[in-house]
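Proteins come first, then strands; the chains are lettered A, B, ... in the order of their sequence lines, and each starts at number 1.
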There are 2 protein chains.
Amino acid sequence: MAEYSYRHPRPSVTVDAVVFGLEQGRLKLLLIQRGGEPFAGQWALPGGFVAMDESLHDAVRRELQEETGVRLAWLEQLYTYGAPDRDPRGRVISVAWLALVSPRGLDLQAGTDSDRAAWFDEDELPALAFDHADIVADARRRLAAKARYQPVGFELLPVRFTLAQLQALYELLLGAELDKRNFRKKVARLGLLAPLDEFTPGPGRPARLHRFDRAAYERAERDGFDFEL
Amino acid sequence: MAEYSYRHPRPSVTVDAVVFGLEQGRLKLLLIQRGGEPFAGQWALPGGFVAMDESLHDAVRRELQEETGVRLAWLEQLYTYGAPDRDPRGRVISVAWLALVSPRGLDLQAGTDSDRAAWFDEDELPALAFDHADIVADARRRLAAKARYQPVGFELLPVRFTLAQLQALYELLLGAELDKRNFRKKVARLGLLAPLDEFTPGPGRPARLHRFDRAAYERAERDGFDFEL
DNA sequence: TCAAAAGTGTTAAAAATACACCCATGG
DNA sequence: CCATGGGTGTATTTTTAACACTTTTGA
C-alpha cells in the first residue's frame, strides 16, 4: 500500500445470503445453526467475512459453497445493513444478497459445515440471530416485487414444469390468487414457454410439461420487450 | 468489545452519494473535486469514510452536509461496490446512495469543503475518479426505473409547478417523448395533484400551477394503490 | 362411473394510444 | 394581430377482469 493508505478504525464487512428454494410447492429458506458466540446455537443466514482479495460476489458464493454446498440458480445484491449496534461484538457491516436455488440444487452437499444447514418453511422460521429477521423480510418483499417484472420464478422450478405449478408458484410469490384462464393467456402471450410432448401423470388428467425458453427471453429483452406477469 | 471480537484484516468502508438535481430543465449531478491522492484534482462523488458509531444513512447525510451543504429531498441506498481493486490504496468497499435535491436546496452552502463542489449537466460530466462513472450510470438507470412506479419526480420539482414542467421532467427521466394530452389524463387519474389558483406568466398563455399532494399519495398507497406514470 | 385436476372462450370494462385545434397572454 | 406556449376531446385498439363447463386419466 502506498504512503497515503488509510489509517483509521475499520468496521468488519460480511456477506449474508437469503437463499430461497421451492420444495413441495412451499417456499423454503436456507439457514445455518451458529456454532460460536454470540447467538451460539441460534439459526442465522449463511454468510461470513469478506476476504481482502475477493469481490463481494465471490465472497457470497464461497461462503455458500463452504457452508451449504447448494447450487445457486440466481443471485443478486439485496441491501447493505450497517446499524452500529447490529452485532454485539462491534461494528459489522453486512452486504446481504438474495439467492434462488433450483429444485435440483436443494441438497445440502457434504461440505465443511453443511451438517449445520437446513431448509425451513418460510412461515415456520425459528428465531434468527442479529438483524437477520429484518433482512429476510426485506428479501421476501424484493422477491415478490421482482417476480412481477423479471422471470425469476423459473429459477425456482424444475426445468420442465406444468402450468399449474407455475401458477401456484406465482400465487405464492405474489401472495394473491390468480385466475387460471387469465394466467394462461398472459403466459401464452409472453411467448417464452416451450410446450413439450411430455406429461406428468397424477390424480386427474395428465398435465403437459413446459420449458422456459431463456434464449427467446433474452432476444425479446434486447428488442425492448418487458416481461411482466 | 468482548473476548470473541473479530481479529482479521478489514476493508475500509465509505459511502458515496449520487446526487441529482434539476436546473433549467436539465438534470444535474453534484460532484466534488478531490484534494489528495489518488486522483488529486479529479472530480468524484461526494462521500467519505463511515465513522465507527454512525449508521450508513447517517454517514451519507453527514458527508453531504460537510462537503456540499445541499438540502436533500430524498435518499435511498443504491448498491454496494466492492471490487478488490476499485481503490488503488487498498481494499475500500463503498456503499453508494441515490439522492435527489429540490430546486430550493441546490445552493452549495458555505461549508467545510463546499467550495470544491459543483453541479454538472448529466451529459457533460468530467472524467470521474475510481469506479464512480459506473456508479453514476447505475444510479441513472435506477432513477429512470424508479420514476415509473414511485413519485420521486416531484422531489426534483419546486413545490408549485406546471404540468408542462412535470411532463418535461418525465421525458427527461424516462428518455422518451410523451403525448401531452395522454400524459395529462394519466396524471389527472392519479388524483395526486392539487391545482392551485396561481399561474406562471411567460411567453404565451399563463400556466396553472399545481402541487403534489403527498398526504393523498400516502393515503392511496396504504389502500393498495399503485403509482405509475 | 366417479373423483380429480387439466384445459379452454367470451364478454364487458378499463386503459392506452393516436391525433388537431382553440385559448390566453405579451409584445 | 401575431407569436408563444397552455389547454382540451374523441375514436380505436389493447389489456384486463370476470366467469363455468368439458376433457382426460386412474382408481
Whole-Å distance separating the [atom1] atom of [X] from the [atom2] atom of [N]:
X	N	atom1	atom2	value
B/F183	D/dT8	CZ	C1'	16 Å
B/L166	D/dG7	CG	P	12 Å
A/F199	C/dA6	CZ	P	13 Å
A/L190	D/dT15	CG	P	11 Å
A/R184	C/dA5	CZ	P	14 Å
A/K180	D/dT22	NZ	C1'	11 Å
A/R148	D/dT16	CZ	P	13 Å
A/E177	D/dA18	CD	P	12 Å

Inset, instruction - On the 0 to 90° scale, with breaks at 30° and 60°, tag the B/Y217-B/F225 ring pair as parallel, tilted or perpendicular. - result: perpendicular
Inset, instruction - Can you label the angle between the B/F161 ring and the B/F154 ring as parallel, tilted or perpendicular, going by 30° and 60°? - result: tilted
Are [X] and [Y] within salt-bridge range, i.e. N to O under 4.0 Å?
X	Y	result
B/K28	B/E124	no
B/E122	B/R140	yes
A/R142	A/E76	yes
B/R208	B/D197	yes

Inset, instruction - Nearest 0.5 Å please: distance from the CG atom of B/L64 over to the CG atom of B/L72. - result: 5.5 Å
Could you pull out the protein-nucleic contacts involving nucleotides 23-27 of chain D (nitrogen or oxygen on both sides, under 3.5 Å)?
| unit_1 | atom_1 | unit_2 | atom_2 | d |
| --- | --- | --- | --- | --- |
| D/dT23 | O2 | A/R205 | NH1 | 3.1 |
| D/dT24 | O2 | A/R205 | N | 3.3 |

Inset, instruction - Would you sort out whether A/W97 and A/H57 count as a ring-ring contact (aromatic ring centres under 6.0 Å, His included), showing the intermediate values? - result: CA-CA 9 Å; A/W97 294 73; A/H57 187 267; 5.7 Å; yes
Inset, instruction - Check the surroundings of atom CZ in B/R160: do more than 12 heavy atoms from other residues, nucleotides or ligands lie under 6.0 Å from it? - result: no
Under-3.5 Å N/O pairs linking protein and nucleotides 13-19 of chain C:
| unit_1 | atom_1 | unit_2 | atom_2 | d |
| --- | --- | --- | --- | --- |
| C/dA16 | OP2 | B/R189 | NH2 | 2.9 |
| C/dT17 | O4 | B/K185 | NZ | 3.2 |
| C/dA18 | N7 | B/N182 | ND2 | 3.1 |
| C/dA18 | N6 | B/N182 | OD1 | 3.3 |
| C/dA18 | N6 | B/K185 | NZ | 3.3 |
| C/dC19 | N3 | B/R181 | NH2 | 3.4 |
| C/dC19 | N4 | B/D179 | OD2 | 3.4 |
| C/dC19 | N4 | B/R181 | NE | 3.3 |

